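Keep in mind that what you see is a predicted model, and the values were worked out from it rather than measured. The sequence lines fix the lettering, A, B, ..., with proteins before strands; numbering per chain opens at 1.
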Protein chains: 2
Amino acid sequence: MTTGEKLLQQARLQFWTRGYSNVSVRSISAAAGVDVALIARHFGSKLGLFTASLDHGYDALSLPADPAQLEEYVIALFSQTPRGAAAPSLIQMITSNAHDETVGPMVRDLHRTRLQEPLERLIGRADRAALFMAALIGFAVTEKTLHLAAIARPGSPAYETQLRQLIRAALRFED
Amino acid sequence: MTTGEKLLQQARLQFWTRGYSNVSVRSISAAAGVDVALIARHFGSKLGLFTASLDHGYDALSLPADPAQLEEYVIALFSQTPRGAAAPSLIQMITSNAHDETVGPMVRDLHRTRLQEPLERLIGRADRAALFMAALIGFAVTEKTLHLAAIARPGSPAYETQLRQLIRAALRFED
DNA sequence: ACATGATGTCAACGTTTGTTGACACCCAGC
DNA sequence: GCTGGGTGTCAACAAACGTTGACATCATGT
């Protein structure tokens with residue numbers, strides 16, 4: 001694994017879980033086992049490393065074409081990244097960095113263009129898509145950040161049941 | 001207004017919206033119009049000022065005794081603090097600081113003891129209360145942090161409709 | 001009038017932060 | 001053989017951070 005790949009891996013691991021401002025370049029370089037100055041050489045700056053960690057992160061994300069498959073898609077999306085795993089999910093990255101003063105605008109724009117707007121086109125109604133996204137965001141925050149005990153662990157049957165209930169509820173609003 | 005009150009007001013305004021680590025003591029003291037060193041004198045440290053801003057913040061929060069009043073209570077809770085208001089809500093404070101490395105544990109503990117556990121006792125079931133709280137957290141993050149356009153502005157009829165739909169959906173899970 | 005404690009003012013400290021420049025290394029290409 | 005660009009190493013920088021100590025000011029009580 002090259003130096004750039006080591007840095008990218010650690011950057012995604014730390015930036016996506018702890019948040020941009022909470023992570024120092026020395027922390028990433030130390031975890032990658034390389035010198036601090038190599039971040040500036042390979043990625044220009046700390047911000048360049050963060051944006052690079054985004055570029056290779058959300059290209060795998062592709063919503064299903066059929067709204068009926070949305071529920072299974074979200075279940076799979078949340079189940080594939082257990083709590084504290086080595087590969088944080090895109091939603092966790094958003095909840096960890098959307099509030100940041102430096103990268104917040106970039107992250108919020110990414111959320112809008114890469115998640116929200118495709119979801120609106122898929123569901124067909126903006127307000128319903130917004131509440132659906134709010135349910136997902138809230139579930140992710142409650143599980144990954146607040147560590148709420150009543151939220152079951154990813155992979156367990158209860159976890160899938162909880163998530164499925166919230167999804168169905170968010171998708172079945174009456175007018 | 002005394003110096004301590006000025007500092008507390010600005011501390012609550014900035015800490016609760018921008019997050020603990022994103023706010024410097026110089027920013028608070030400058031907004032309050034007083035010297036930086038007065039924070040150390042009156043509250044001991046930056047962390048002391050933060051905890052003081054909590055003490056006078058959540059004492060007004062009291063859940064209704066009847067679960068049937070829960071919906072109206074949450075509506076009122078979210079409607080009384082418009083976007084960008086001078087008095088951020090307790091939920092916004094939690095979503096802005098729960099992820100912080102310094103005050104995160106304290107904030108998460110406050111969320112658990114002051115919001116989650118009383119809510120569990122009120123609703124009666126921990127898992128249902130957890131999903132209800134997840135819906136509220138998600139709505140707050142989507143509105144206050146992500147600034148999602150499809151979320152209507154607080155006070156408008158559409159806003160109340162959206163919030164009410166999410167609440168009802170979260171409270172009416174089938175077993 | 002004077003002493004005392006609380007409160008405000010100013011400058012500086014030590015640490016951590018991201019970033020930069022000088023230098024060594026190494027491996028291809030004329 | 002040696003030259004040059006890519007890569008790694010080390011030390012240092014300026015800026016921002018929270019915090020501290022010395023001194024000034026003011027109100028209060030005897």
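No hydrogens or angles were tested; on distance alone, nothing pairs the side chain of R41(A) with the base of dG6(D) as donor and acceptor under 3.5 Å.
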For this session: Show your working on side-chain contact (heavy atoms from CB on, under 4.5 Å) between F15(A) and L54(A) and close with a plain yes or no.
Result: CA-CA 10 Å; F15(A) 280 149; L54(A) 292 185; over 6 Å; no
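Nearest approach of A31(B) to Q10(B), heavy atoms of both residues: CB-OE1, 3.2 Å. A pairwise comparison of heavy atoms in R18(A) and S27(A) identifies NH1-OG, 3.6 Å as the closest pair. The minimum heavy-atom distance between L148(B) and A130(A), with the atom names listed, is CD2-CB, 3.7 Å. Heavy-atom minimum distance, A32(B) versus K6(B): O-CD, 3.6 Å.
Between F132(B) and V74(B) there is a side-chain heavy-atom pair separated by less than 4.5 Å. Using a 4.5 Å heavy-atom threshold, the side chains of Q69(B) and Y73(B) count as separate.
What separates CG of L49(B) from C1' of dC17(D) is a distance of 15 Å, to the nearest Å. The interatomic distance linking D100(B) (CG) with dC17(D) (C1') rounds to 14 Å, in whole Å. For the pair F50(B) CZ and dC17(D) C1', the interatomic distance rounds to 18 Å; values are reported in whole Å. Remark: C1' of dA16(D) and CD of E101(A) are 14 Å apart, rounded to the nearest angstrom. Y20(B) places its OH atom 13 Å from the P atom of dC17(D), with the value rounded to the nearest Å. Between N22(B) atom CG and dC17(D) atom P there is a gap of 11 Å when expressed in whole angstrom units. The distance between atom CZ of F43(B) and atom P of dG18(D), rounded to the nearest whole Å, is 15 Å.
Side-chain contact annotation: T145(B) with H99(A), donor-acceptor N/O pair under 3.5 Å absent.
If you walk DNA chain C from 5' to 3' and mark each nucleotide with an atom closer than 4.0 Å to a heavy atom of chain B, the marks span dT7(C) to dA12(C).
Shown for residues 29-39 of chain A: residues whose heavy atoms fall under 4.0 angstrom of DNA chain C, namely V36(A), A37(A).
Within the 4.0 Å cut-off from OP1 or OP2 of dG8(D), at least one side-chain nitrogen or oxygen of H42(A) is found.
Of the possible polar contacts, one joining the K46(B) side chain to the Y20(B) backbone as a donor-acceptor pair under 3.5 Å is found.
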